[in-house]
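Some notes on the structure that comes next.
FYI, side chains are in, hydrogens and waters are out, and symmetry mates aren't considered; it's all heavy atoms of this structure.
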Amino acid sequence: MEDSMYGSSDEEYYNGAYDDDDNDNEYDRDPEPEYDSDVSSGKAPSCRVIRKESLLAAQKEDLQRVVDLLSLKEHHARTLLIHYQWDVDKVFAVFVERGKEKLYAEAGVSLEEKDDQHPASEPSTEITCEICFDDFPAEETTMMDCNHRFCNDCWTEYFIVKINDGKSRRITCMTQKCKAICDEGKIRDLVTAKDPNLAEKFDRFILESYIEDNKRVKWCPSVPHCGNAIRVEDDEYCEVECACGKQFCFNCLCELHSPCSCVMWDLWLKKCDDEAPTVTWMSEKTKHCPKCHKIVEKDGGCNLVQCICGQPFCWLCGEATGLEHSWTSIQGHTCGRYKESHLKSADTVEDYWRLTHYYRRYKAHIDSLKIEASESKPKILDKVRSLEAKELQLKDFSWAMSGFDRLSLSRRAVACSYPFAYYYFGDLFANEITKEEREIKQNLFEDQQQQLETNIERLSMFLEEPFANYPEDKLMETRMKIITLSTVTDDLCKKLYECVDNDLLVPLQQATHTIARYRSKGVEKASELPN
């Protein structure tokens, strides 16, 4: 059995940070708080929750910026923003680069002077409607900003059809080849006179266009729907948490999946769905002991399990390991690195083995994540309550739940790194990376991945210990190990993201495979937008 990845390589990464003999003094002082700062690979995007009550205020905020800059009426500002997907900066950029006339023309905003040859103030004036060819008094006709005038009945019927067809956000003039957008106030007045309920529907569509047409605002994908929307201020490639508690990827609205890109995640979900019968059969919740071949069921979050015959083995790779543990190693353990020796000559068999390798490891971590959330978390809370009831010198036990939070964040990240590896080192970029480059990059990535995986399992192991029953000196030692492991795991998680982003994806120069930035504090919770 080759040396374990839990072994000597740690000293190379952490300069002996886990050497108990050399670092006894480390346990005599408190480390810096784990969550003091956001250890991220860049500025984290801020986000806001937009509730039904605050939707109008959010829309007014952007409208006012355009109204103030261009001295427009509100409905013209809305027309501009709907055309440019509510991107105020884009409106300003087009205004500066191409001028006001181009800006207005492309969006369908018409600011022509009114044609007063048929003033509505003269009741005796009759106008022929060019749609129905009937004559109407001027007050029974309406003229839009483009100077085209038709009878109210024709306008009303036209607007009703458009609203019912779901095209109420940008209703153009009825005149052929006229691209001017109709005044929403006039639309509302005419439709209200005929069908007040439909007018309310029109108002709702106009209001909701702020979400439907805005790339920086999206509905929360919760089921049942909570009625909230989320607005991000900077980067749309981010992971957010709604006020209802739903966490999701803002770009694709799927579950959290970084450091896997949205495109890869979509391919992964489809792949697993298509291959479900085979992959699920290969990844059952039971595995054979490598010694006696009896079936072993995993009943905890840690991926180091032991058969009733006494043989310990790794749940991820199924290979036998030692049971002896130290601060720096787990005896006889190695896994996580994909081995080409499994491959057959046929491409379909090769892909089958690759998929099985990556899926089993992905699924193992996802299953551990679920078990830890449903079983380990309540146990840790019970241990914390038990410690708080004792008269100990140590009073703060937040390190236990902070360690659990770090475990959950890191385990999800390492789980989603397997779908990324499946596609990145597969055929997806075969034409962009040479075989030699792929091998170098794969070794770099797997080194980072394995180091993270190693420390995740260590952290899980210490959190599952019955530390509530320990004497205070051993409790202090366990506390320091959990805090130190949490810090190291956080740093390794950051390095894995940087490896994926800077070393693997950036050289490809493909915007379609952008990933969410790493946030040490976890998914950002959206703050409330004032009404």
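Aromatic pair Tyr418/Trp268: centroids not less than 6.0 angstrom apart. Between Phe429 and His513, the ring center distance clears the sub-6.0 Å criterion. A centroid separation of 6.0 Å or more is found between the aromatic rings of Phe250 and Tyr237.
To the nearest 0.5 Å, atoms CG (Asp189) and CZ (Phe159) are separated by 10.5 Å. Rounding to the nearest 0.5 Å places OG1 of Thr489 at 8.0 Å from CG of Leu407. Here CG of Leu459 is found 4.5 Å from OG of Ser486. Values are rounded to the nearest 0.5 Å. Taken to the nearest 0.5 Å, the CE atom of Met401 stands 4.5 Å off from the CG atom of Leu381. Rounded to the nearest 0.5 angstrom, Leu256 CG and Gln247 CD are separated by 5.0 Å. In this structure, the separation between OG1 on Thr79 and OH on Tyr104 is 11.5 Å, given to the nearest 0.5 Å.
Without hydrogens or angle criteria, Gln59 side chain to Ile206 main chain gives a donor-acceptor distance under 3.5 Å. Checking side-chain atoms of Ser54 against main-chain N and O of Ile50 turns up no donor-acceptor pair under 3.5 Å. With Asp427 contributing its side chain and Ala430 its backbone, the two residues share no donor-acceptor pair below 3.5 Å. Distance alone, capped at 3.5 Å, places no donor-acceptor pair between the Lys162 side chain and the Thr172 backbone. Without hydrogens or angle criteria, His365 side chain to Val414 main chain gives no donor-acceptor distance under 3.5 Å. In this structure, Arg361 contributes its side chain and His357 its backbone to a donor-acceptor pair below 3.5 Å. A distance-only check finds a donor-acceptor pair linking the side chain of Arg170 to the backbone of Ala107 [under 3.5 Å]. Distance alone, capped at 3.5 Å, is enough to place a donor-acceptor pair between the Ser408 side chain and the Phe404 backbone. At least one donor-acceptor pair closer than 3.5 Å links the side chain of Ser368 to the backbone N or O of Ala364. A donor-acceptor pair is defined here as one N or O able to donate and one able to accept, closer than 3.5 Å; such a pair exists between the side chain of Ser261 and the backbone of Met264.
Between the side chains of Tyr362 and Asp367, not a single donor N or O lies within less than 3.5 Å of an accepting N or O. For Tyr210 and Arg231, the side-chain atoms include at least one donor-acceptor pair closer than 3.5 Å. Looking only at atom types and distance, the side chain of Ser258 has a donor-acceptor partner in the side chain of Tyr497 under 3.5 Å away. Between the side chains of Glu498 and Tyr518, no donor N or O sits under 3.5 Å from an acceptor N or O.
For Asn251 against Lys218, the heavy-atom pair with the smallest separation is O-NZ, 2.7 Å. The two atoms that bring Phe136 and Asp153 nearest to each other are CE2-OD2, 4.5 Å, heavy atoms only. Shortest non-hydrogen contact noted between Val49 and Ala526 is CG2-CB, 3.3 Å. In plain terms, the two heavy atoms of Glu528 and Ala243 that are nearest each other are OE2-CB, 3.9 Å. A pairwise comparison of heavy atoms in Ile433 and Arg438 identifies CG2-N, 3.5 Å as the closest pair. Of all non-hydrogen atoms in Cys47 and Val232, the two that sit nearest each other are CB-CG1, 4.0 Å.
Put simply, the side chain of Lys194 reaches to within 4.5 Å of the side chain of Glu157, judged on heavy atoms. The shortest side-chain heavy-atom distance between Leu496 and Ser417 falls under the 4.5 Å cut-off. In this structure the side chain of Cys252 reaches within 4.5 angstrom of the side chain of His257, judged on heavy atoms. Side-chain contact check for Gln64 versus Glu74: every heavy-atom pair is 4.5 Å or farther apart. Using a 4.5 Å cut-off on side-chain heavy atoms (C-beta onward), Phe248 and Cys254 make no contact. Lys246 has its side chain within reach of Pro221: a pair of non-hydrogen atoms, C-beta onward, lies under 4.5 Å apart.
Taking the six-membered ring where tryptophan is involved, the planes of Phe420 and Tyr424 are essentially parallel, since the angle between them stays under 30° and well short of 60°. Under the 30°/60° scheme for interplanar angles, the aromatic rings of Tyr358 and Tyr422 are found to stand perpendicular.
At a threshold of 4.0 Å, the pair Glu184-Arg188 counts as salt-bridged, since one of the basic side-chain nitrogens sits closer than that to a carboxylate oxygen. Classification of Arg411 and Glu453 as a salt-bridged pair fails, no side-chain N sitting under 4.0 Å from a carboxylate O. Checked for salt-bridge contact, Lys102 and Glu97 miss the test: no charged N lies under 4.0 Å from a carboxylate O. The pair Glu437-Lys441 does not meet the salt-bridge criterion, since no charged nitrogen lies less than 4.0 angstrom from a carboxylate oxygen. Using a cutoff of 4.0 Å between basic side-chain nitrogens and carboxylate oxygens, Asp405 and Lys377 are not scored as salt-bridged. The pair Arg216-Glu233 fails the salt-bridge criterion, with no side-chain N (NZ, NE, NH1 or NH2) lying under 4.0 Å from an Asp/Glu carboxylate O. A salt bridge links Arg385 to Asp382: one of the charged nitrogens lies within less than 4.0 Å of a carboxylate oxygen. At a threshold of 4.0 Å, the pair Arg519-Glu239 does not count as salt-bridged, since none of the basic side-chain nitrogens sits closer than that to a carboxylate oxygen.
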* Does the side-chain hydrogen bond (donor to acceptor under 3.5 Å, both in side chains) test come out yes or no for Asp145 and His76, once each step is laid out? -> CA-CA 10 Å; Asp145 295 328; His76 287 143; 2.7 Å; yes
* To do: Might you work through the salt bridge (Lys or Arg N to Asp or Glu O under 4.0 Å) test for Lys495 and Asp491, ending with a clear yes or no?
  => CA-CA 6 Å; Lys495 288 181 179 178; Asp491 186 55; 3.4 Å; yes
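Residue Glu432 places its CD atom among more than 12 non-hydrogen atoms of other residues, nucleotides or ligands, all under 6.0 Å distant. In the displayed structure, Asp165 atom CG is contacted under 6.0 Å by more than 12 heavy atoms of other residues, nucleotides or ligands.
Residues passing the side-chain hydrogen bond (donor to acceptor under 3.5 Å, both in side chains) test with Arg169 are Asp213, sequence neighbours excluded. Every residue two or more places apart in sequence or in another chain that forms a ring pair (Phe, Tyr, Trp, His ring centres under 6.0 Å) with Phe150 is listed here: Trp155.
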